[in-house]
Structures are given as structure tokens and as C-alpha cells.
Amino acid sequence: QQCEAEQVHWWTGKDLQGLKACFKKELALFLKGSFVDPEHWYQRKFLHFQRNYAEVPGLLRLCNDEIDQINDMVNEHIDKVLSEGPSNWKELMGEGEEMLGPFLLCEPEEHKGFLRIPRPERAGTFGSKDPHKQLPKELSAKVEHALFQWWHGNVRAWVVNAEQDCFAFHFSQGLWGDSADHVEIKVVGKPARAAVHFLLPHSEPLETLASMADEHIIMKWQERSGRDEEYYGSWLLEVIDGHREKRIRQVISELKDIRCPMDADPQILRKIQELERTIFQHTGWMQMFDFRRLIDLKTQCRGITEQEGHRIKRKMEQFFPVKRFASCNEELGEGPEEEYLQDPTCRVLPAPEDQQLLAHMNCLEEAQVTVKLSWIKLWDCELRVEVLARVPKDYKRPYQLVRMKP
């Protein structure tokens with residue numbers, strides 16, 4: 001009977017260190033948003049862990065120890081500030097808990113049966129509220145800098161390591177086994193008043209996601225705006241690879257820096273100038289730019305050799321396509337930089353663990369995959385689509401999940 005009772009627990013048969021690695025992975029993916037361009041990665045205020053690790057005997061203590069180790073690393077930076085300043089600075093800072101508490105990681109707490117943790121306040125806000133608002137400006141500025149160093153040095157290094165401690169397959173297997181055949185998808189942006197969370201099978205066509213977003217976001221907005229009779233055309237879901245896009249921009253910049261001789265054909269020189277102006281003056285340059293034409297024109301003007309032109313074309317083409325898309329309109333044009341998704345189902349949407357590791361990113365931290373949902377004739381609407389987790393069908397959250405109708 002005891003063995004039968006143990007089987008009901010989700011953690012039965014799972015390794016404690018393996019579950020700790022899953023906890024670290026979830027926390028790392030949450031904190032990672034602080035080191036990535038917010039245009040590419042939405043920064044949530046709370047992390048609701050997929051599993052309640054507090055239910056596992058002995059695991060929460062290990063998780064809290066991990067949090068304490070991260071927070072302890074700030075002491076080195078604060079101690080240096082206090083040792084280099086006036087003798088009364090240490091007294092003004094007190095024990096540090098009251099002053100620094102909101103800027104450190106909290107231990108996870110149970111909330112409505114779920115385990116959650118809030119995102120700490122940004123270092124840049126130190127000194128803006130009581131009690132740290134009362135500190136001398138010089139001390140406040142130095143503590144702010146110390147917090148910044150800790151966050152972008154120690155915490156970021158921890159995220160890099162924790163993100164790689166548990167890879168995507170072991171992450172989902174460790175938490176759910178083979179039952180993780182659904183995805184939780186968050187849709188937010190104009191004109192939604194709040195985020196809407198959908199739960200769909202990963203094999204479900206993207207058309208279903210677009211239809212549900214239409215029903216739960218667009219139609220409600222139309223009703224509020226008195227525009228319920230408006231026709232807004234075909235839906236369009238775009239998966240944009242920021243990593244490839246950035247590499248292409250680098251190649252284009254390299255191409256733009258190539259100058260043609262002054263005695264070249266004036267008409268061709270004017271065409272080159274017009275084409276380059278178009279590239280750098282319009283945000284939608286990928287849709288209107290035929291880079292092969294620019295290379296050919298510069299070859300004609302003796303700015304580059306044919307061999308060099310072929311090299312640049314090959315370098316550019318290895319980063320195509322930048323954008324893959326799906327739509328109910330099957331007659332949209334394709335170019336070298338964009339193409340239809342071959343498998344237009346929810347399984348192609350990237351989950352957090354699929355995004356590029358911080359360790360593999362450049363210092364600007366901007367190479368991410370962005371997913372957008374829009375309607376071709378609805379100009380003031382663009383929704384961001386984010387897969388939060390791969391989960392089983394009976395997955396529950398402390399907030400509403402919109403499921404498919406039976």
C-alpha cells in the first residue's frame with residue numbers, strides 16, 4: 001500500500017539533483033530576460049515554476065541554498081564600497097537586508113498551490129524609494145554600481161552556467177516525462193488589454209492559434225471600439241530570426257563600405273546610391289532589397305571583382321531565410337529572405353529552452369527569435385507570441401488557460 005501511495009507523487013523515481021537542475025534551468029530562463037533586449041524577450045514580473053518543487057522532500061532546501069549562494073556574491077561588492085568610504089557608511093547601510101532586500105533574489109514561495117518567485121528590482125532604481133532614498137547621494141550611487149556589477153557579472157555568469165546544466169530534452173523529461181505534448185502560449189500586445197494564455201497540442205495547426213487569438217483578443221477589442229463590422233484580412237504569423245538578421249546587416253554594411261571609382265558610369269553610381277539609401281532609411285529593408293543587384297552594380301563599376309561579388313553573395317545566402325511565416329493566405333510572395341513554414345503547427349514555435357544560450361550570444365544580447373501574429377489589413381495590431389513551456393494536457397496554472405473547445 002505504501003508503494004502504491006508513493007506512485008501518485010510526480011517526483012517518484014526522479015533524481016533529487018536532476019530536479020534541482022530543472023529548478024535552476026527554470027530560474028535561469030526567467031532571469032535571462034534581464035540580459036536580453038526586451039524587444040526580443042518579454043520580461044515577466046513573476047516566475048511560476050512548472051512544478052511545485054516545495055512538495056519534494058529535501059528539494060526546497062537545496063533550491064534555497066542556491067538562491068542564498070547567488071545573493072551572497074553581492075557582499076563582496078558592497079564590502080568594497082563600505083571599506084573605501086567614510087566610517088559612518090557601514091552604520092547607514094545597517095545589516096543590508098532592509099536596504100538591499102528588494103534588489104536580491106527572494107526564496108521561492110507557495111502561492112495558490114504553485115511555487116513562484118518575483119523578479120528583483122533593477123539596480124538603477126536604488127535610491128529612489130525609502131529607506132535607501134535617505135542615504136547620501138555618493139553612497140547611494142556606489143551601492144547602485146555595486147548592485148549593477150553583481151547583477152551583470154555574478155548573476156549573469158550563474159545564468160550562463162545554469163542554463164547549460166540541463167538541456168531541453170532532459171528538462172522536459174525531468175519534469176513531465178513523455179506526457180509533455182502541449183505548449184502554453186502567451187499572446188500579448190496591441191490591442192490586447194492583458195496577456196492571454198492558450199494551451200494547445202504541439203501538433204495543432206497555427207491556424208487554430210490565430211483563430212483563438214482572433215476570438216479572445218481581436219473580436220473583443222473590435223466590440224469595445226465599435227469596429228465589429230470591420231474586415232481585417234488574412235492572419236499572418238512570422239517567426240523572425242534576429243541572429244540571422246543581424247549577420248545579414250553586417251554583410252550589407254560591409255558591402256556599403258565598398259566604394260566605386262569616381263570615373264565609373266554616373267548612371268550606375270546613381271542607382272547604387274538610391275539602392276543604398278533605400279536600405280538604410282526604411283525599417284522594412286528586407287522586403288524591398290535585392291542585394292544581388294547591388295553586388296552586380298558594384299561589380300560593373302569595378303568596385304569589386306566578380307570573384308569578390310560571388311563570395312559576398314555566398315556569405316549572405318547562408319543566413320537566409322531570416323523570416324519564416326504561416327498564413328491562411330497561400331499566395332503571399334516568397335523571397336530569398338523569407339519563406340512559408342514547412343510545418344505550420346505549434347511545434348515550430350520556439351520555447352525558452354530553444355532560444356540561443358547566453359553563453360553563445362554576443363555582448364549586445366540581442367540575437368533572439370521573435371514571433372509575431374498580425375492581420376494583413378489591421379494596421380494598428382501586432383501581437384507577440386511566446387511559448388512559455390512544453391507541458392501535458394492537464395497542465396494547470398494560477399491564472400486562466402484558454403483551451404480548445406471540445
Discussion item. Please find the pair of heavy atoms, one from R397 and one from L401, that lie closest to each other, and give the distance.
Written reply: CG-CD1, 3.8 Å
Worksheet, complete the sentence: So CG of D394 and NE2 of H182: to nearest 0.5 Å the spacing works out to 9.0 Å
Worksheet entry | salt_bridge(R347, D343) N-O dist < 4.0 Å | yes
Worksheet item: If you measure only the distance, is there a donor-acceptor pair under 3.5 Å linking the side chains of E66 and W158?
Response: yes
Worksheet item: Is there a donor-acceptor pair closer than 3.5 Å between any side-chain N or O of R302 and the backbone N or O of A264?
Response: no
Discussion item. Just to verify, which of K20, K24, Q17 counts as forming a side chain to side chain donor-acceptor pair (under 3.5 Å) with D165?
Written reply: K24
Worksheet entry | Flag if over 12 foreign heavy atoms under 6.0 Å of CD, E91 | no
Fill in: Test side-chain contact (heavy atoms from CB on, under 4.5 Å) applied to I312 and I258, step by step
CA-CA 12 Å; I312 296 176; I258 296 173; 3.9 Å; yes
Practice prompt. Please check if atom NZ in K14 has more than 12 non-hydrogen atoms from other residues, nucleotides or ligands closer than 6.0 Å.
Written response: yes
Worksheet item: Run the side-chain contact (heavy atoms from CB on, under 4.5 Å) check on F198 and H216 step by step: do they pass?
Response: CA-CA 10 Å; F198 301 98; H216 293 274; 4.0 Å; yes
Discussion item. I'd like to know if the side chain of R119 reaches the main chain of R44, judged simply by a donor and an acceptor atom lying under 3.5 Å from each other, with no hydrogens or angles considered.
Written reply: yes
Worksheet item: Does any pair with a residue in residues 131-143 pass side-chain hydrogen bond (donor to acceptor under 3.5 Å, both in side chains), and if so which ones, sequence neighbours excluded?
Response: D130-Q134
Discussion item. Between Y395 and W176 (judged by ring centroids, cut-off 6.0 Å), do the two rings come close enough to count as a pair?
Written reply: yes
Discussion item. Please determine whether the number of non-hydrogen atoms from other residues, nucleotides or ligands lying under 6.0 Å from atom CZ of F148 exceeds 12.
Written reply: no
Worksheet entry | Interatomic distance, L104 atom CG to E121 atom CD [nearest 0.5 angstrom] | 10.5 Å
Item to complete: Any chance you could measure C260, atom SG, to Q300, atom CD, to the nearest 0.5 Å?
Response: 10.0 Å
Practice prompt. Provide the closest heavy-atom pair for N329 versus S234 in the form atom of the first, atom of the second, distance.
Written response: CB-OG, 3.5 Å
Practice prompt. Would you mind reporting whether L62 and F23 have side-chain heavy atoms less than 4.5 Å apart?
Written response: no
Practice prompt. Looking only at non-hydrogen atoms, find the nearest pair between V387 and P350 and report the distance.
Written response: CB-O, 3.5 Å
Response to the item:
When every non-hydrogen atom of E26 is compared with those of Y53, the smallest separation belongs to OE2-OH, 2.6 Å
Practice prompt. Could you check if a side-chain atom of L349 sits within less than 4.5 angstrom of a side-chain atom of L206, using non-hydrogen atoms only?
Written response: yes
Item to complete: Please step through ring-ring contact (aromatic ring centres under 6.0 Å, His included) for the pair F49 and F114, ending with a clear verdict.
Response: CA-CA 7 Å; F49 290 94; F114 296 87; over 10 Å; no
Discussion item. Side chains of L237 and S327, heavy atoms from C-beta outward: is any pair under 4.5 Å?
Written reply: no
Worksheet item: Looking just at side-chain N and O atoms, do Q173 and D178 make a donor-acceptor pair shorter than 3.5 Å?
Response: yes
Item to complete: Working to the nearest 0.5 Å, report the span between CD1 of I185 and CG of L388.
Response: 9.0 Å
Worksheet item: Counting only heavy atoms not in H145, do more than 12 sit closer than 6.0 Å to its NE2 atom?
Response: no
Item to complete: Take E317 and R292 through the test salt bridge (Lys or Arg N to Asp or Glu O under 4.0 Å) and record every step on the way to the result.
Response: CA-CA 10 Å; E317 287 171 348; R292 294 180 184 83; 3.0 Å; yes
Worksheet item: Charged N to carboxylate O below 4.0 Å: is that the case for E254 and K315?
Response: yes
Worksheet item: Under a 4.5 Å cut-off applied to non-hydrogen side-chain atoms, are S211 and T208 in contact?
Response: no
Worksheet item: Does a salt bridge link E163 with K32, judged by any charged N lying under 4.0 Å from a carboxylate O?
Response: yes
Item to complete: Determine, step by step, whether R293 and K271 satisfy the side-chain contact (heavy atoms from CB on, under 4.5 Å) criterion, reporting the C-alpha distance in whole Å, the side-chain angles of both residues, the deciding distance to 0.1 Å, and the verdict.
Response: CA-CA 10 Å; R293 175 164 170 74; K271 290 179 181 178; 3.7 Å; yes
Discussion item. Under 4.0 Å between a side-chain nitrogen and a carboxylate oxygen: does that hold for D68 and R61?
Written reply: no
Worksheet item: Between R311 and E308, is there a side-chain N and carboxylate O pair less than 4.0 Å apart?
Response: yes
Worksheet item: Got a sec: does the NZ of K313 have more than 12 other heavy atoms crowding it under 6.0 Å?
Response: yes
Fill in: Side-chain donor-acceptor contact under 3.5 Å, Q400 with H197
no
Worksheet item: With a 6.0 Å cut-off on ring centres, are Y340 and F325 close enough?
Response: yes
Worksheet item: Are R116 and F46 in a cation-pi contact, defined as NZ or CZ under 6.0 Å from the six-membered ring centre and within 45° of the axis?
Response: yes
Discussion item. Taking E339 first and then R324, would you say they form a salt bridge - that is, a charged N and a carboxylate O separated by under 4.0 Å?
Written reply: yes
Practice prompt. Kindly give the heavy-atom pair with the smallest separation between M93 and M99, and that separation in Å.
Written response: O-CG, 3.6 Å
Discussion item. Measuring from atom CZ of R156 to atom CG of N161, what distance do you get when rounded to the nearest 0.5 angstrom?
Written reply: 10.5 Å
Worksheet item: Do P118 and C106 have side-chain heavy atoms sitting under 4.5 Å apart?
Response: yes
Discussion item. Ignoring hydrogens, what is the shortest heavy-atom contact between W235 and A326? Give both atom names and the distance.
Written reply: CZ3-O, 3.3 Å
Practice prompt. For the residue pair L200 and L209, establish whether any side-chain heavy-atom pair is separated by less than 4.5 Å.
Written response: yes
Fill in: Derivation of the side-chain contact (heavy atoms from CB on, under 4.5 Å) call for E215 and K405
CA-CA 12 Å; E215 177 184 353; K405 295 178 181 178; 3.2 Å; yes
Worksheet item: Within a strict 4.5 Å, meaning less than it, do heavy atoms of the L100 and N71 side chains meet?
Response: no
Worksheet entry | Spacing of Q50 atom CD and R390 atom CZ [to the nearest 0.5 Å] | 10.5 Å
Fill in: Side chain proximity check, E238 to S374, heavy atoms < 4.5 angstrom
yes
